[in-house]
Amino acid sequence: SQQGEEDPQALSIQEGENATMNCSYKTSINNLQWYRQNSGRGLVHLILIRSNEREKHSGRLRVTLDTSKKSSSLLITASRAADTASYFCATASLTSGTYKYIFGTGTRLKVLA
Amino acid sequence: DTGVSQNPRHKITKRGQNVTFRCDPISEHNRLYWYRQTLGQGPEFLTYFQNEAQLEKSRLLSDRFSAERPKGSFSTLEIQRTEQGDSAMYLCASSLAAGPVELAKNIQYFGAGTRLSVL
């Protein structure tokens with residue numbers, strides 16, 4: 001499989017705590033994106049970070065990218081029960097003028113009220 | 001605009017039957033993707049179209065699978081002679097095709113998926 005690896009596979013935290021998820025990948029990339037998927041639903045785009053960026057923020061989300069280690073992390077601060085979902089990273093590599101996307105295996109986050 | 005729409009949401013079929021799924025992308029998006037997702041895994045790329053042209057197919061897409069986008073709008077994914085291993089969620093996504101600099105236009109918007117169960 002070409003999929004990236006995410007850890008932990010599952011994470012359970014109390015509401016108000018921070019949640020950190022990590023993603024490792026294998027090839028050089030143009031950008032990396034994080035998506036959220038609620039049970040039985042499609043994926044929702046959260047944030048995109050370019051390969052020349054090291055950190056990006058969006059509301060309660062903070063993403064870091066370390067291209068030397070081929071890894072990224074997603075931090076959700078002050079988590080809420082509504083954040084319960086699976087989170088996937090997706091790497092985008094530019095090949096022949098088009099993007100190829102590879103998704104990770106996902107982290108299942110459960111936020112307890 | 002209601003986003004990416006997929007039909008049906010659920011499909012139960014017997015092994016050996018043919019099934020067809022439909023995806024209606026966001027209207028101004030000219031790029032359309034199909035993915036397969038099994039339980040506990042991330043989406044795996046199957047194929048994508050730019051307008052009506054099918055530009056790439058994954059090795060996952062065996063000869064029993066065929067996808068079309070005849071007028072560059074909606075797309076269909078057909079699986080012939082279904083097998084139990086075909087049971088999965090089939091996801092469709094669309095995006096604007098733009099140059100590599102305009103990254104925001106390369107963001108994919110996903111439909112809710114079609115869950116296939118092959119008995």
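Throughout, protein chains are lettered first and strands after them, A, B, ... in sequence-line order, and every chain is numbered starting at 1. These figures come from a predicted structure and were not determined experimentally.
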Interchain contact, B/Gln37 with chain A, by part (heavy-atom threshold 4.5 Å): side chain
What option among A/Gln9, A/Gln37, A/Arg108 has the most heavy-atom pairs under 4.5 Å with chain B? A/Gln37
So, using salt bridge (Lys or Arg N to Asp or Glu O under 4.0 Å) as the criterion, who are the partners of B/Glu83 when residues are at least two apart? B/Arg64
Under a 4.0 Å N-O cut-off, is there an ion pair linking A/Glu15 with A/Arg80? no
Do the rings of A/Tyr101 and B/Tyr33 sit parallel, tilted or perpendicular, given the 30° and 60° boundaries? perpendicular
Got a sec, which residues hit side-chain hydrogen bond (donor to acceptor under 3.5 Å, both in side chains) with B/Tyr90, two or more places apart in sequence or on another chain? none
Measure B/Gln50 against the heavy atoms of chain A and call it side chain, backbone, both or neither at under 4.5 Å. neither
Heavy-atom distance under 4.5 Å to chain B: side chain of A/Glu6, backbone, both or neither? neither
